[in-house]
Participant: 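Below are the structure tokens for one structure; questions will follow.
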Amino acid sequence: MLRTAIATFLLAAGSHVSVAAPINLEPGLWTTHMQMQMNGVAAPSGDRVQTRCMTATDMQNASQFIPQILRNGCAIQSARRSGDTWSWTLSCAQSSSREHGMGEVTFLSPTRYTGVLNTVIDLPAGQTEQIKINYDSRRSGACTP
């Protein structure tokens with residue numbers, strides 16, 4: 001069940017974190033390709049692709065660019081921006097595990113950004129799992145009504 005939850009990716013984190021200076025991204029339909037490794041090995045679920053419509057308002061919310069690997073219970077602890085790169089730390093609490101990690105996203109052009117998320121899941125009985133997600137997102141067109 002935990003592996004099923006981990007394999008479910010969301011682009012928007014549960015917290016709203018904004019950064020004062022606007023970023024230069026074009027609103028529209030964005031396609032994100034994600035590669036996940038668990039304990040240094042490619043995840044059995046393989047690469048994931050997610051497409052979503054992002055508005056100009058979405059583009060100003062840092063949490064929109066953070067892939068959340070658990071559906072509930074995650075919070076962004078801190079987020080900061082340096083030039084074209086946003087970085088953050090996060091922590092998640094589930095009934096039988098705790099997750100913590102950090103990541104960053106770099107805005108390469110108005111139509112592309114890349115990112116990485118590294119987390120550790122503390123499981124019962126002292127076990128841990130390390131998760132790494134690399135992602136590459138590109139604007140793929142206009143949103144359809």
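Owing to the predicted nature of the structure, the values given are computational and were not obtained by experimental measurement. Values reported hereafter were calculated over all heavy atoms of this structure, with side chains retained and with hydrogens, waters and symmetry mates removed.
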Participant: With sequence neighbours excluded, tell me which residues meet side chain to side chain contact (heavy atoms under 4.5 Å, CB included) with Gln37.
Facilitator: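 By the side chain to side chain contact (heavy atoms under 4.5 Å, CB included) rule, Gln37 matches Lys132.
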Participant: Over all heavy atoms of both residues, which pair between Thr32 and Ser137 is shortest? Give the atoms and the distance, please.
Facilitator: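 Of all heavy-atom pairs spanning Thr32 and Ser137, the closest is OG1-OG, 2.8 Å.
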Participant: Given side chains that start at C-beta, do those of Asp84 and Tyr113 come closer than 4.5 Å, heavy atoms only?
Facilitator: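 No, too far: nothing below the 4.5 Å cut-off.
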Participant: Which residues satisfy the side chain to side chain contact (heavy atoms under 4.5 Å, CB included) test with Pro27, sequence neighbours excluded?
Facilitator: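 Partners of Pro27 under the side chain to side chain contact (heavy atoms under 4.5 Å, CB included) test: Ala56.
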Participant: Mind checking the CE-CD spacing from Met54 to Glu26? Nearest 0.5 Å is all I need.
Facilitator: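 If I round to the nearest 0.5 Å, the distance is 13.0 Å.
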Participant: If only side-chain N and O atoms count, and only distance matters, is there a donor-acceptor pair under 3.5 Å linking Thr85 with Thr106?
Facilitator: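 Thr106 vs Thr85: donor-acceptor pair found between side chains.
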Participant: Compare every heavy atom of Glu104 with every heavy atom of Tyr135, then report the nearest pair and how far apart it is.
Facilitator: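 Scanning both residues completely, I find the closest heavy atoms to be OH-O, 4.0 Å.
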Participant: According to salt bridge (Lys or Arg N to Asp or Glu O under 4.0 Å), does anything in residues 109-120 pair up with another residue at least two apart or in another chain? List the pairs.
Facilitator: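 As it turns out, the salt bridge (Lys or Arg N to Asp or Glu O under 4.0 Å) pairs with a partner in residues 109-120, which skip direct neighbours, are Arg112-Asp136.
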Participant: How long is the gap from OG1 on Thr89 to NE2 on His100, to the nearest 0.5 Å?
Facilitator: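 If I round to the nearest 0.5 Å, the distance is 11.5 Å.
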Participant: Which atom names give the shortest non-hydrogen contact between Thr111 and Trp30, and what distance separates them?
Facilitator: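 For Thr111 versus Trp30, the nearest heavy atoms are C-CH2, 3.4 Å.
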Participant: Are Val120 and Trp88 co-members of a hydrophobic cluster defined by side-chain heavy atoms under 4.5 Å apart?
Facilitator: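 Trp88 and Val120: separate clusters.
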Participant: Quick check for you: to the nearest 0.5 Å, what is the distance between Gln130 atom CD and Ile121 atom CD1?
Facilitator: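 One finds 10.5 Å between CD of Gln130 and CD1 of Ile121.
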Participant: Can you see which heavy atom on Trp86 is nearest to which on Met59, and at what distance?
Facilitator: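 What the structure gives for the nearest pair is CH2-O, 4.1 Å.
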Participant: My understanding is that only residues two or more places apart in sequence, or in another chain, count here; which of them pass side chain to side chain donor-acceptor pair (under 3.5 Å) with Thr128?
Facilitator: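 For Thr128 there are no side chain to side chain donor-acceptor pair (under 3.5 Å) partners, ignoring immediate neighbours.
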Participant: Got a second to check how far Arg98's CZ is from Ser91's OG, nearest 0.5 Å?
Facilitator: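 Taking CZ in Arg98 and OG in Ser91, the distance rounds to 5.5 Å.
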Participant: Can you name the residues that form a side chain to side chain contact (heavy atoms under 4.5 Å, CB included) with Thr31, not counting sequence neighbours?
Facilitator: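 With neighbours one apart ignored, the set is His33, Val49, Thr51, Ser140.
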Participant: Mind checking what makes side chain to side chain contact (heavy atoms under 4.5 Å, CB included) contact with Val41, not counting sequence neighbours?
Facilitator: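 Val41: no side chain to side chain contact (heavy atoms under 4.5 Å, CB included) contacts found.
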Participant: Can you tell me how far CD1 of Ile133 sits from CE of Met34, rounded to the nearest 0.5 angstrom?
Facilitator: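 Answer rounded to 0.5 Å: 7.5 Å.
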Participant: Could you walk me through whether Phe107 and Asn24 pass the side chain to side chain contact (heavy atoms under 4.5 Å, CB included) test, one step at a time?
Facilitator: CA-CA 8 Å; Phe107 303 100; Asn24 184 25; over 6 Å; no
Participant: Say whether Met38 and Val116 are linked into one hydrophobic cluster, either directly or through other cluster members, by side-chain heavy-atom distances under 4.5 angstrom.
Facilitator: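 As far as the 4.5 Å side-chain criterion goes, Val116 and Met38 are not connected within one cluster.
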Participant: Can you list the steps and then say if Ile131 with Met36 is a side chain to side chain contact (heavy atoms under 4.5 Å, CB included)?
Facilitator: CA-CA 7 Å; Ile131 309 287; Met36 184 171 80; 3.8 Å; yes
Participant: Which heavy atom of Asn39 sits nearest to which heavy atom of Glu129, and what is that distance?
Facilitator: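 That closest heavy-atom pairing would be OD1-CA, 3.4 Å.
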